[in-house]
There are 2 protein chains.
Amino acid sequence: MEIDPNSDRPVFKQIADHFRDLIDRGELAPGAALPSEAQLSRTFGVAGGTARRALEVLRSEGLVVTEHGRGTRVRERGPMLRLASQRLTRANRAAGLGGFAADMRSLGLDYKQEMLHLGEVPAPRRIAERLNIEEGSPVFVRRRRMWGGGEPMQLADSYYPLDLIEGTPITEENAGPGGSYARLEERGHRLASFREELQARMPSEDEKKALRLLPGVPVVALVRTAIDTGGRAVEVFDSVMSADKHLFQYDFAAD
Amino acid sequence: MEIDPNSDRPVFKQIADHFRDLIDRGELAPGAALPSEAQLSRTFGVAGGTARRALEVLRSEGLVVTEHGRGTRVRERGPMLRLASQRLTRANRAAGLGGFAADMRSLGLDYKQEMLHLGEVPAPRRIAERLNIEEGSPVFVRRRRMWGGGEPMQLADSYYPLDLIEGTPITEENAGPGGSYARLEERGHRLASFREELQARMPSEDEKKALRLLPGVPVVALVRTAIDTGGRAVEVFDSVMSADKHLFQYDFAAD
DNA sequence: CTCCTCTACTGTTATATAGGAGTTGCCGGC
DNA sequence: GCCGGCAACTCCTATATAACAGTAGAGGAG
């Protein structure tokens with residue numbers, strides 16, 4: 001293994017390249033330890049700060065994780081949740097579980113939801129646009145954090161026009177069997193279609209904490225609008241999830 | 001503006017927080033310059049390295065961009081390309097442009113495609129699985145970089161089973177009017193459906209360079225499989241695009 | 001007026017050093 | 001055997017310093 005201090009490529013990047021290579025080629029398996037900063041600095045003959053920067057590069061790429069006092073190891077990837085558009089078809093919804101619960105069940109992970117907020121709030125722009133109402137007018141929100149397999153999986157806010165949920169268990173902690181979509185349909189709002197909009201970005205500090213994200217892991221923001229047969233938007237589902245735990249799949253016709 | 005060196009929160013993060021705040025609140029508009037490293041270090045009374053790290057945090061969050069010799073400025077966001085699933089319907093395809101060209105046209109951006117590779121390659125696992133063939137068996141690939149508005153927008157590799165493209169212009173630089181889908185249909189493979197799979201992650205070094213990605217910008221990897229009326233996968237489209245320039249929209253029925 | 005060069009700014013890489021803080025395991029006292 | 005404490009390891013923050021490289025503008029030579 002050669003480091004050329006006179007190369008065009010900075011030393012810290014050369015060191016990062018070296019370990020990226022080992023990881024890509026599988027010679028450093030997930031869970032395997034990388035040399036400590038001090039060891040790196042000795043074996044490559046560079047200053048501590050330079051060794052540290054090399055590891056920093058790999059961290060920011062999400063290839064390794066480092067724990068204070070314990071060292072740096074190749075990142076282990078958990079299972080990926082495949083979110084297919086078919087999960088929201090009526091047949092699947094009829095199975096009795098809300099969307100997320102069913103997803104987790106299919107992976108064999110235990111499921112939990114933690115209610116963060118339940119009540120009326122002024123509609124943010126993004127939500128108001130999709131519900132076809134004035135920005136700032138009151139809407140009902142169910143704001144929660146979904147857990148699967150003991151880890152936080154997504155932050156999910158569901159927004160409803162007030163007139164649709166009055167007197168339903170949607171305003172309660174437990175929206176009842178089949179989730180809130182079932183309640184809306186019981187109330188005569190048969191769901192006709194969904195629109196999902198996805199965007200990937202880096203997480204905010206808060207999101208990082210709430211989702212226990214490792215450095216270098218982006219998030220996917222998914223906004224789903226549920227439309228009833230009358231063409232009315234009856235729910236906007238606004239969520240943020242860890243990109244390394246979710247894969248999205250959509251099937252659609254070619255004509 | 002106060003920095004507390006004895007705080008629990010590291011100094012460099014406190015400085016980053018300060019500017020993140022200014023940016024979030026709009027007091028530092030997109031394009032506005034942040035103080036130089038030297039200035040920061042003077043006004044906050046910290047070492048140069050510390051000031052530098054603060055800016056590094058903001059860079060990694062994608063909030064600012066810095067140019068060597070010119071300083072650090074609040075990031076300006078370009079327009080977002082909205083990729084709706086309807087863009088691939090037959091009606092839209094019939095308009096005569098390939099998918100990407102039509103997308104760019106709709107935004108009023110000029111379009112260019114740069115061919116990177118054209119020829120047979122052994123099928124990587126990911127592709128073979130979707131084409132229902134053996135991993136490593138030969139497939140034809142069109143590997144290109146798509147440009148829009150003078151900027152690289154995506155890396156796109158299209159893979160085809162060999163028997164489908166022999167003697168068609170798909171093997172040439174220019175696949176002809178309507179793109180390769182039109183050629184496949186002319187040949188009797190009427191497209192029935194698409195499957196798109198999306199996943200967000202941080203880019204590799206190569207992708208960063210090829211897409212001219214700013215630090216802290218994730219990419220979205222989109223794999224589209226085109227299925228003909230006989231149920232055969234006739235193309236796998238494997239692409240990588242900058243997350244901050246693309247938004248994905250899917251509409252689908254609720255039953 | 002145009003072109004070049006010099007200079008003062010900007011960020012970039014690398015060094016050396018120091019003290020702090022989390023983790024682990026060993027070893028001795030009980 | 002158990003427990004406490006210490007030592008040796010890990011990473012983390014911060015300082016100071018140096019040389020290098022890209023940018024932009026001022027000012028002089030032609």
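First the proteins, then the strands, lettered A, B, ... as listed; each starts at 1.
Atom CD of A:Glu37 and atom C1' of D:dT13 are 11 Å apart (whole Å). We find that NZ of B:Lys13 is positioned 10 Å from P of D:dC12, with the value rounded to whole Å. We find that CD of A:Glu56 is positioned 8 Å from P of D:dC12, with the value rounded to whole Å. When the P atom of D:dA14 is taken as reference, atom CD1 of B:Ile15 falls 8 Å away, rounded to whole Å. What separates CZ of B:Arg73 from P of C:dT10 is a distance of 15 Å, to the nearest Å. Rounded to whole Å, the distance from CZ on B:Arg59 to C1' on C:dT10 is 12 Å. Distance CZ (B:Arg9) to C1' (D:dC12): 14 Å, rounded to an integer number of Å. If you measure from atom CG of A:Asn6 to atom C1' of C:dA14, you get 13 Å, rounded to the nearest angstrom.
Residue B:Thr50 places none of its side-chain N or O atoms closer than 4.0 Å to OP1 or OP2 of D:dT13. Not one side-chain nitrogen or oxygen of A:Arg53 sits closer than 4.0 Å to the OP1 or OP2 atom of C:dA14. For A:Gln39, no side-chain nitrogen or oxygen approaches OP1 or OP2 of D:dC9 to under 4.0 Å. Dashed line: the shortest gap from a side-chain N or O of B:Thr66 to OP1 or OP2 of C:dG11 is not under 4.0 Å.
Checking each of A:Thr225, A:Leu88, A:Val223 against A:Glu196 for a side-chain contact (heavy atoms from CB on, under 4.5 Å) leaves exactly one that passes, namely A:Leu88.
Residues passing the ring-ring contact (aromatic ring centres under 6.0 Å, His included) test with B:Phe140: none are found, sequence neighbours excluded.
The local environment of CZ in B:Arg25 is crowded, with over 12 non-hydrogen atoms from other residues, nucleotides or ligands closer than 6.0 Å.
Along DNA chain C, the nucleotide nearest to A:Val46 and the one nearest to B:Glu67 differ in position, and the one closer to the 5' end is contacted by B:Glu67.
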Could I get a table of every N or O pair under 3.5 Å where one atom is in the protein and the other is in nucleotides 17-21 of chain C?
residue	atom	partner	partner atom	Å
C:dA21	N3	A:His68	NE2	3.1

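The existence of a salt bridge linking A:Arg126 and A:Glu197 is excluded, since no basic side-chain nitrogen approaches an acidic carboxylate oxygen closer than 4.0 Å.
Side-chain contact of B:Gln14 with B:Arg9: a donor-acceptor pair under 3.5 Å is absent, judged by distance alone.
Relative to the side chain of A:Arg70, the nucleotides C:dT24, D:dC11, D:dA14 differ in distance, and C:dT24 lies closest. Here the side chain of A:Ala47 is nearest to one of C:dT15, C:dG11, D:dA14, namely C:dT15. Closest contact between the side chain of B:Ala38 and the listed nucleotides C:dT10, C:dT13, D:dC11 involves C:dT10.
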- request: Take A:Arg224 and B:Tyr250, measure what side-chain hydrogen bond (donor to acceptor under 3.5 Å, both in side chains) needs, and give me the verdict at the end.
  value: CA-CA 9 Å; A:Arg224 176 168 61 239; B:Tyr250 296 91; over 6 Å; no
message: Could you go through B:Arg75 and B:Asp244, starting from their C-alpha distance and side-chain angles, then the distance that decides it, and tell me whether this counts as salt bridge (Lys or Arg N to Asp or Glu O under 4.0 Å)?
response: CA-CA 12 Å; B:Arg75 169 114 163 263; B:Asp244 71 343; 2.3 Å; yes
